[in-house]
There are 2 protein chains.
Amino acid sequence: MCFKKKTNSDAWWHLWKCNRCVQKRGEDTRQKLLQAAFDEIHKVGFQAASLSKILKNTGITKGALYHHFSNKLDLGYAVVDEVLFTSFKETWLEPLNNTEDPISVLQEILIASGDSMTDEDARLGCPIHNLAQEMSPLDKGFQQRTVDIYALWRKSLEAAIERGKLAGNVVPEADARRLAILFIATLDGCMGLAKSTQRLEMLLECGRGLIEHLELFRPKK
Amino acid sequence: MCFKKKTNSDAWWHLWKCNRCVQKRGEDTRQKLLQAAFDEIHKVGFQAASLSKILKNTGITKGALYHHFSNKLDLGYAVVDEVLFTSFKETWLEPLNNTEDPISVLQEILIASGDSMTDEDARLGCPIHNLAQEMSPLDKGFQQRTVDIYALWRKSLEAAIERGKLAGNVVPEADARRLAILFIATLDGCMGLAKSTQRLEMLLECGRGLIEHLELFRPKK
DNA sequence: ATAGTTGCATACCGATTGGTATGTATGTAT
DNA sequence: ATACATACATACCAATCGGTATGCAACTAT
């Protein structure tokens, strides 16, 4: 495991990847492993995820894996912290934190997600939700990480709604906290429904309903 | 495996247990296996459920298990068809199918469930929902079974609401189908939230909110 | 140039997995 | 009483699991 580097490089590529690895080659295989692990976990869950399969899919050997991660749990945590959280931050946190019109932003995210959503995406469901539901009763590490992400989601959504009210983009009667919770719960419900029915169309329909529903909180001109 | 019996007994105990087994002793161990399998699956999911652990917990041997079930999948299906579906039928279907006041019935179920709900129940979540979410993308058998249960739930709820409207126990403006879907989705959301936070109190709070919310659909005298 | 670190490959390990083969005691039907 | 089906128990199996030990090539710092 490479958690304490003796060499402290300042190579050019360290500018956009944090320096967990000294050489670029190391960071590359590390990212490949994370992506493959994410795919495997997304498909079958963390417990059933097979390290051998991840290695077979990437062509990377077991020696490399255990050079970068101390064990399976460590790999799982890294997937949450780096792959899942990063993607979550880009799709939800950053847009929400930089707007005074949260309704439009949410609708745009839903539309964009719907457009890029594949059939497999819909059938596999939200990876963060999956992991939270599978692992929360079994492992504190996963439980803490996923519940933190949900809390962050709710808070940034709540704050955006408050700003929206001040800017006149959200009706003043709206209860920001309740609305935030409701939105997340409903979206979770939609994803779960699509997963249990295994139908992408179900998800798109729910999404359209949610987009329409959000319109109710936009002030009339 | 005992799926085609040569002997066709009509012993007294066959009156309340269907005659999958000829001898009472066989039916007993079968039920013990189903219950232990349910517990194990509820705790860690189907894929991670260990047959060896189920056997250890019951003291039953592997020979007995494979006498009653052809393989792990067969055992899993039996848990859904017999344990889960039976319990679901008793708690939801029968009360809903025999009432013209669905609001009161739903509230009573929620209250009773809340009272008997243990901390572990809340942390492990709804077993049907768990199985649906874990296995739907992976196995048609589980997907079909769980989605059928959800459909049955929604239909019986919808029908009860319609009867409630005719009997004057539900406001006539209520959209039965939408209300049924919303109730199920919300309850699922509550259970999921409690599971991800690992807090029973979260579930009870959601339940109280739901009970209160249902009151809105009762006609004012 | 050389010493030391990093990155990875190969081979191996015990434990556990779901599943099977075989033997036997108990019950049932005639 | 006898023939047969039922209901197990025991022992074994290959495959896979996560994890480790060791060796070596490539890169880095001095």
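Model, not experiment: these values are computed from the prediction. Note on naming: letters A, B, ... go to the chains in the order of the sequence lines (proteins, then strands), and numbering restarts at 1 for each one.
Atom P of nucleotide dG19(D) and atom CG of Leu55(A) are separated by 12 Å, given to the nearest angstrom. If you take CZ of Phe69(B) and C1' of dA7(D), they are 13 Å apart, rounded to a whole angstrom. For the pair Leu65(A) CG and dT20(D) P, the interatomic distance rounds to 12 Å; values are reported in whole Å. To the nearest angstrom, P of dG18(D) lies 14 Å from CG of Leu33(A). dT6(C) atom C1' lies 14 Å from atom CZ of Arg30(A), rounded to whole Å. When rounded to the nearest whole Å, the span between CD1 of Ile60(B) and C1' of dT10(D) equals 16 Å. Here dA7(D) presents its P atom at 15 Å from NZ of Lys32(B), a figure rounded to the nearest Å. Gln23(A) places its CD atom 5 Å from the P atom of dG7(C), with the value rounded to the nearest Å.
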B/S/- contact track for nucleotides 16-22 of chain C, protein heavy atom under 4.0 Å:
-SBBB--
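Pairs passing the salt bridge (Lys or Arg N to Asp or Glu O under 4.0 Å) check and including a residue from residues 119-128 of chain B, sequence neighbours excluded, read Asp119(B)-Arg123(B). Within the structure, salt bridge (Lys or Arg N to Asp or Glu O under 4.0 Å) contacts touching residues 39-63 of chain A (residues at least two apart or in different chains) do not occur. Among residues at least two apart or in separate chains, ring-ring contact (aromatic ring centres under 6.0 Å, His included) pairs with a member in residues 103-142 of chain A are Phe46(A)-Phe142(A), Tyr77(A)-Phe142(A).
Judged by distance alone, the side chain of Gln133(A) and the main-chain N or O of Asn130(B) form no donor-acceptor pair under 3.5 Å. Under a 3.5 Å cut-off, the side chain of Glu134(B) and the backbone N or O of Gln47(B) do form a donor-acceptor pair.
Remark: Arg177(B) engages no residue in a salt bridge (Lys or Arg N to Asp or Glu O under 4.0 Å) (not counting sequence neighbours). Applying the salt bridge (Lys or Arg N to Asp or Glu O under 4.0 Å) test to Glu205(B) and every residue at least two apart in sequence or in another chain returns nothing. A search for side chain to side chain donor-acceptor pair (under 3.5 Å) contacts involving Ser104(A) returns Asp101(A), Arg218(A), not counting sequence neighbours. By the salt bridge (Lys or Arg N to Asp or Glu O under 4.0 Å) test, Arg208(A) pairs with Glu201(A), sequence neighbours left out. In this view, Arg145(B) and Asp81(B) satisfy the side chain to side chain donor-acceptor pair (under 3.5 Å) rule, not counting sequence neighbours.
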Distance-only donor-acceptor hits, side chain of residues 84-97 of chain B, under 3.5 Å, sequence neighbours excluded:
{"from": "Thr86(B)", "atom 1": "OG1", "to": "Glu82(B)", "atom 2": "O", "distance (Å)": "2.3"}
{"from": "Thr91(B)", "atom 1": "OG1", "to": "Ser87(B)", "atom 2": "O", "distance (Å)": "2.4"}
{"from": "Asn97(B)", "atom 1": "ND2", "to": "Leu93(B)", "atom 2": "O", "distance (Å)": "3.4"}

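Counting only heavy atoms from C-beta on, His67(B) has its side chain closest to dA7(D) among dA7(D), dA9(D), dC8(C).
Listed pair Thr29(A) / dG7(C) fails the phosphate criterion, with no side-chain N or O lying under 4.0 Å from OP1 or OP2. Residue His68(B) places none of its side-chain N or O atoms closer than 4.0 Å to OP1 or OP2 of dT6(D).
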Both distances under 3.5 Å, Watson-Crick or G-U wobble: on that basis, could you give the dot-bracket string for DNA chain C, with [ ] for crossing pairs and | for other-strand partners?
||||||||||||||||||||||||||||||
Polar-atom pairs under 3.5 Å, protein N or O versus N or O of nucleotides 22-24 of chain D: list them with distances, or write none.
none

